2 protein chains.
Amino acid sequence: MRTSTERSRARGKRGSYAKTEATRTAILDAALEVFAQSGFRSGSLRDVAAKVGMSEAGMLYHFPSKSALLAAVLERRDEHAQDFVPLGTHDPADTLRGLVDLADYNASVPGVVELYCILSAEATTPDHPAHTYFVTRYEDTRRRVSEAFERLRSEGRLRVEIDPTEAAVATLSMMDGLQVQWLLDRDAVDMAESLRGFFRSIVEIDFPAT
Amino acid sequence: MRTSTERSRARGKRGSYAKTEATRTAILDAALEVFAQSGFRSGSLRDVAAKVGMSEAGMLYHFPSKSALLAAVLERRDEHAQDFVPLGTHDPADTLRGLVDLADYNASVPGVVELYCILSAEATTPDHPAHTYFVTRYEDTRRRVSEAFERLRSEGRLRVEIDPTEAAVATLSMMDGLQVQWLLDRDAVDMAESLRGFFRSIVEIDFPAT
DNA sequence: GTCTATATGGCGATAGAC
DNA sequence: GTCTATCGCCATATAGAC
């Protein structure tokens, strides 16, 4: 826990005092909620400020613009999500199991899922502040998942007629599409279970008991 | 979400004057473009009016509110999309082939795809004007696609361990997710080809030469 | 570090003339 | 059927007091 004024510099980005750091966190929490509910374009700084209990101007001291706020929200979320998915050095099957774990966890934070669905769709237009973020994020993820499938294939665990890159595209599509369907009707869809089923249909892999 | 457009759109007979109908069509075309680029919440009537070359007030004569305009856009698009996908009475494999054809066609109208991705994500929040539209639309589509898979299974063409309902959920997820990925990087994804590949991995089915 | 006050502008929708 | 004019609201962002 950072309590001293000297040691509270977290990532060298900003904020030198513990109180600032706490305020920033509160703002990010509120922003996540608001953007998740209304999207980035329609979600207003007014709503975020109201939720965090301060003025809009006071908030803009910490994040100088709406886009800067969005970037910080995305960054923080990514750090968290990556804890779920082991990459590269492990058994490649762990990567797929990690994605299932992530889907399972996501079902407990609908607000975050909403934010991502709305934002990734909004950001498909090139002039959106998060456009390049999402483009590179998908490139990276596709490449990493594709590598996992490649290693599975080299171990003879991927069905022979399936291309690893295609499998990666399909995996990301499945995850994204499941989220929209789940948000629209949470009883009709079990994201983790459907993703497991998809993996089982293309790769030989064991999953922990459901 | 009441459309209130019944006046000029009664069942068989349309608007009384050709000019009204032409104007309505021009407005719908412009609205599709604007909503596709900015989403519904951020896309403005002002932009639509400018694109169609008339005043906002003049436009609101034809569609009394922004929500009414959205509803009309969705309705018109649905009519068009359903021409691609034969349902019920045909060979169930035709339904899947129709979905691939639809994906192929969609690649030629990125604006429409954008509209759908952004809108379906926005509309996951219950207070969105198009929320119930999307909920019932997904229910219907899931049911119809599920029926096609059931018939395929009864003919022994669906892989035995796959549940038809699960296959329907997965199919819609795949289609939706492919759209987002394709919009973000059109070179990295071939929607129709990926969908074909997905179908081939779960069902025995022939597709016309690519 | 947070506030009040305000500048500046876009938004959906309505009223009423032609 | 379309217009001009306007209302009332909300947005992002800045200036300067405390």
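Letters go in sequence order (proteins before strands), and every chain restarts at 1. Every value quoted in this text rests on a predicted model; they were computed, and no experiment measured them.
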dG1(C) phosphate, OP1 or OP2: any side-chain N/O from T20(A) under 4.0 angstrom? yes
Length of the NZ-C1' vector between K66(A) and dG10(C), whole Å: 13 Å
With a 4.5 Å heavy-atom cut-off, do K66(B) and L60(B) have their side chains touching? no
Distance, rounded to the nearest Å, where M54(A) contributes CE and dG1(C) contributes P: 11 Å
Side-chain ion pair, E122(B) and R41(B), N-O less than 4.0 Å: no
Here the distance between atom P of dT6(D) and atom CG of L60(B), to the nearest Å, is 19 Å
For atom CG of L69(A) and atom P of dA11(D), their distance in whole Å: 14 Å
So does S55(B) get a side-chain nitrogen or oxygen closer than 4.0 Å to the phosphate oxygens (OP1/OP2) of dT4(D)? no
Going by number, which of residues 41-52 of chain B have a non-hydrogen atom under 4.0 Å from DNA chain C? G43(B), S44(B), L45(B), R46(B)
Starting at CD of E56(B) and ending at P of dC3(D), how long is that distance when rounded to a whole Å? 11 Å
Only distances under 3.5 Å count here; give the side-chain donor-acceptor pairs of residues 141-148 of chain A to other protein atoms, sequence neighbours excluded, each with its distance to 0.1 Å.
from    : atom 1 : to      : atom 2 : distance (Å)
T141(A) : OG1    : R137(A) : O      : 2.6
R142(A) : NH1    : Q181(B) : OE1    : 3.0
R143(A) : NH2    : D140(A) : OD1    : 3.3

Between dA13(D) (P) and F63(A) (CZ): distance, integer Å: 14 Å
Honestly, is R200(B) close enough over F207(B), meaning NZ or CZ under 6.0 Å from the six-membered ring centre and within 45° of the axis? no
Less than 4.0 Å between a side-chain N and a carboxylate O, is that true for R151(B) and D91(B)? no
Would you say dG1(D) has OP1 or OP2 under 4.0 Å from some side-chain N or O of Y61(B)? yes
Integer-rounded Å distance: dT2(D) C1' and H62(B) NE2: 8 Å
Listed by chain and number, what are the ring-ring contact (aromatic ring centres under 6.0 Å, His included) partners of F84(B), not counting sequence neighbours? Y105(B)
